[in-house]
A.B. asks: 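Sharing a structure here in structure tokens format.
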Amino acid sequence: MQKRNIQMNASSQTTLEPESQANLLCFLVATVAASYSLTSEWRVDHVVESCRIWLARNRAVLPWLERVTLGQLALQIARRDLRAAGIAVRQSNVQSMFTNEMGINTASTLVQRISAVCEAPLRERPAA
């Protein structure tokens, strides 16, 4: 049992390239903003599940602390920074933000604007 835990911990020490981090953060912000527009609640569980989905879909591994940090950043951006940038995600926008496979729709103007808002906080973060 102990050997298995050591192996799992060793494999979780990888980190994402900056472009992948930006893609994940944009996905998380879009997901949490879409979720809020549909439920009127800031759902942390949606951020956690969305992070798991993105990592599995992209065959990526991210240490738990980095997942938590990115999730908190996504909530902050969705709650505060999108509004400050004049971005409002409405129920009518949600479907166009995602592909049929529930990936992020990079052709969406709204997603492009969300992505631009996500760039600055990632640049300002200290390197992991």
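Side-chain atoms are counted along with the backbone in the values below, which use heavy atoms only and exclude waters and symmetry mates. Treat the numbers as computed from the prediction; the structure is a model and nothing was measured.
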A.B. asks: What heavy-atom pair brings Leu16 and Val61 nearest, and what distance separates the two atoms?
C.D. replies: CD2-O, 4.4 Å

A.B. asks: In a table with atom names and distances, give each donor-acceptor pair under 3.5 Å that connects a side chain of residues 79-96 to protein atoms at least two apart or in another chain.
C.D. replies:
| residue | atom | partner | partner atom | Å |
| --- | --- | --- | --- | --- |
| Gln91 | NE2 | Ser37 | O | 3.2 |
| Asn93 | OD1 | Arg90 | N | 2.7 |
| Ser96 | OG | Asn93 | O | 2.8 |

A.B. asks: Can you list the residues that meet the side chain to side chain contact (heavy atoms under 4.5 Å, CB included) rule with Ala120, with sequence neighbours excluded?
C.D. replies: Arg123, Glu124

A.B. asks: Side chain to side chain donor-acceptor pair (under 3.5 Å) with Ser35: which residues, sequence neighbours excluded?
C.D. replies: His46

A.B. asks: CD1/Ile77 to CG/Leu25 distance, rounded to the nearest 0.5 angstrom?
C.D. replies: 4.5 Å

A.B. asks: Apply salt bridge (charged side-chain N to carboxylate O under 4.0 Å, His left out) to Arg43 and list each qualifying residue two or more places apart in sequence or on a separate chain.
C.D. replies: Asp45

A.B. asks: Hey, are the side chains of Leu73 and Thr69 touching, using non-hydrogen atoms and a 4.5 Å cut-off?
C.D. replies: no

A.B. asks: Taking only residues two or more places apart in sequence, or in another chain, which ones meet Asn100 in a side chain to side chain donor-acceptor pair (under 3.5 Å)?
C.D. replies: none

A.B. asks: If you group Ile, Leu, Val, Met, Phe, Trp and Tyr by side-chain heavy-atom gaps below 4.5 Å, do Leu75 and Ile53 land in one group?
C.D. replies: no

A.B. asks: Parallel, tilted or perpendicular for Phe27 and Phe98, by the 30°/60° rule?
C.D. replies: perpendicular

A.B. asks: Ignoring hydrogens, what is the shortest heavy-atom contact between Cys26 and Ile104? Give both atom names and the distance.
C.D. replies: O-CD1, 4.3 Å

A.B. asks: Any non-hydrogen side-chain atom of Trp54 less than 4.5 Å from a side-chain atom of Asn23?
C.D. replies: yes

A.B. asks: Quick one: pull up CG in Asn105 and CD in Gln112 and give me the separation to the nearest 0.5 Å.
C.D. replies: 8.5 Å

A.B. asks: Measure from the side-chain N and O atoms of Gln21 to the backbone N and O of Leu122, and report whether any donor-acceptor pair falls under 3.5 Å.
C.D. replies: no

A.B. asks: Would a single hydrophobic cluster contain both Met102 and Val47, if residues Ile, Leu, Val, Met, Phe, Trp and Tyr are joined by side-chain heavy-atom contacts under 4.5 Å?
C.D. replies: yes

A.B. asks: Write down the atom of Val29, the atom of Cys118, and the distance for their closest heavy-atom approach.
C.D. replies: CG2-SG, 3.7 Å

A.B. asks: Can you measure from SG (Cys51) to CG (Leu24) and round to the nearest 0.5 angstrom?
C.D. replies: 5.0 Å

A.B. asks: Minimum heavy-atom separation for Met97 to Val111, with atom names?
C.D. replies: O-CG2, 3.5 Å

A.B. asks: For a side chain to side chain contact (heavy atoms under 4.5 Å, CB included) check, start with the C-alpha distance between Val48 and Arg67, then their side-chain angles and the critical distance, and finish with the verdict.
C.D. replies: CA-CA 8 Å; Val48 171; Arg67 290 192 312 264; over 6 Å; no

A.B. asks: Within a strict 4.5 Å, meaning less than it, do heavy atoms of the Glu66 and Leu70 side chains meet?
C.D. replies: yes

A.B. asks: Tell me the salt bridge (charged side-chain N to carboxylate O under 4.0 Å, His left out) pairs involving residues 46-63, sequence neighbours left out?
C.D. replies: Glu49-Arg52

A.B. asks: List the atom of Thr31, the atom of Ser50, and the distance in Å for their closest heavy-atom pair.
C.D. replies: CG2-OG, 2.7 Å

A.B. asks: With heavy-atom distances below 4.5 Å as the criterion, would you say the side chains of Ser20 and Asn58 are in contact?
C.D. replies: no

A.B. asks: Could you tell me which non-hydrogen atom of Ala78 sits nearest to which non-hydrogen atom of Val32, and how far apart they are?
C.D. replies: CB-CG1, 3.2 Å

